[in-house]
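Let me begin by presenting the structure, written as C-alpha cells, before commenting on it.
Positions are given from 1 along the sequence.
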Amino acid sequence: QVQLVESGGGLVQPGGSLRLSCGASGNSESSKGMGWYRQAPGKQRELVAAITHGGRINYADTVKGRFTISRDNAKNTVYLQMSGLKPEDTADYYCTSVDDYGMLYWGKGTLVTVSS
C-alpha cells in the first residue's frame, strides 16, 4: 500500500504564495498518478490538480494560471505551487495517489488559510 504525507500548509495573506509537498512511501512505484483535492467548510471535496506518471496535467478552472502542480518521480513526491492566493482558496488540501489497480490513497490533509 501507499502512505502519503502532506506538508507546507499554513496561514498566508491574500495575494501571497505557498508551496505544498506530498511524499509517497510504500508501493509508490505502481502509482499511475498523483494529485491534490481540497475541501472548504460546507462544500464538497473538489479536484484541484492532477498529474500522471508521464506528466499529463489537469487543473480546476478556479486555479488555472495561479497553481502549478509538478512531480519528482525519483523522490516519489508531488508539489503544488500556489500563487495569487484568494480567501476562497481556504480549505483542507489532500494529496492523492492512484495505483495500477485503480485504488485511491489519501493523505491526512494540510490546512491552507488565506486571510488578512
Side-chain angles (χ1 to χ4, degrees):
Q1 65 177 20
V2 175
Q3 181 178 341
L4 303 172
V5 180
E6 305 101 332
S7 64
L11 175 64
V12 63
Q13 292 185 326
S17 298
L18 206 62
R19 182 172 179 260
L20 305 182
S21 299
C22 174
S25 62
N27 193 27
S28 57
E29 68 271 12
S30 66
S31 177
K32 285 189 172 182
M34 301 183 73
W36 294 91
Y37 283 74
R38 68 184 182 186
Q39 187 168 22
K43 299 194 67 176
Q44 296 291 316
R45 187 172 298 186
E46 64 176 351
L47 176 68
V48 177
I51 183 168
T52 68
H53 185 78
R56 180 168 53 85
I57 295 172
N58 287 318
Y59 292 104
D61 289 339
T62 51
V63 307
K64 190 172 295 183
R66 299 188 297 119
F67 291 10
T68 301
I69 189 171
S70 62
R71 67 186 297 169
D72 186 333
N73 289 333
K75 295 182 178 180
N76 295 318
T77 301
V78 64
Y79 306 92
L80 185 67
Q81 178 66 51
M82 304 181 292
S83 62
L85 284 164
K86 306 174 181 179
E88 51 263 44
D89 294 318
T90 297
D92 286 312
Y93 284 72
Y94 298 88
C95 179
T96 67
S97 179
V98 180
D99 67 16
D100 289 338
Y101 308 102
M103 182 71 72
L104 184 64
Y105 298 88
W106 295 91
K108 295 185 181 297
T110 185
L111 178 62
V112 173
T113 302
V114 184
S115 176
S116 60

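Nearest heavy-atom pair, Leu47 versus Ala50, reported as atom, atom and distance to 0.1 Å: CD1-CB, 4.2 Å. For Ala24 against Leu4, the heavy-atom pair with the smallest separation is CB-CD2, 3.6 Å. Trp106 and Tyr94 make their closest contact through CE3-CB, 3.9 Å (heavy atoms, listed as atom of the first residue, atom of the second, distance). The two atoms that bring Asn73 and His53 nearest to each other are ND2-O, 3.4 Å, heavy atoms only. Closest approach of Pro14 to Ser116, counting heavy atoms only: CD-N, 3.7 Å.
Atom-to-atom distance recorded for Leu20:CG and Trp36:CH2 is 4.5 Å, nearest 0.5 angstrom. Atom CG in Leu18 sits 11.0 Å away from atom OG in Ser83 (nearest 0.5 Å). Between the CG atom in Asp92 and the CZ atom in Arg45 there is a gap of 8.0 Å [rounded to 0.5 Å]. Atoms OG and CG, from Ser70 and Leu80 in turn, are 8.5 Å apart once rounded to the nearest 0.5 Å. Atom OG1 of Thr90 sits about 7.5 Å away from atom CG of Leu111, to the nearest 0.5 Å. Taking CE from Met82 and CZ from Arg66, the interatomic distance works out to 9.5 Å, rounded to the nearest 0.5 Å.
Contact annotation: the side chain of Asn76 never approaches that of Ser25 to less than 4.5 Å [non-hydrogen atoms, C-beta and beyond]. Residues Thr96 and Leu104 meet the side-chain proximity criterion, which asks for heavy atoms closer than 4.5 Å.
Legend: residues meeting ring pair (Phe, Tyr, Trp, His ring centres under 6.0 Å) with Tyr79, ordered by chain and number and at least two apart, are absent.
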Determine whether Val12 and Ser17 satisfy the following criterion, side chain to side chain contact (heavy atoms under 4.5 Å, CB included), listing intermediate values before the conclusion.
CA-CA 7 Å; Val12 63; Ser17 298; over 6 Å; no
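Salt bridge Glu6/Lys108: absent, no basic N to carboxylate O contact under 4.0 Å.
Put simply, Leu85 and Leu11 are part of two different groups of oily side chains (I, L, V, M, F, W, Y) that touch within less than 4.5 Å, one to the next. When the side chains of ILVMFWY residues are joined at heavy-atom separations under 4.5 Å, either directly or via intervening members, Met103 and Val2 end up in a single hydrophobic cluster.
Exactly one of Val78, Thr77, Val5 qualifies for a side chain to side chain contact (heavy atoms under 4.5 Å, CB included) with Cys95. That residue is Val78.
Side-chain atoms of Arg71 come within 3.5 Å of backbone N or O of Thr52 as a donor-acceptor pair. Proximity of a side-chain donor or acceptor of Tyr59 to a complementary backbone N or O of Ile69 within less than 3.5 Å is detected.
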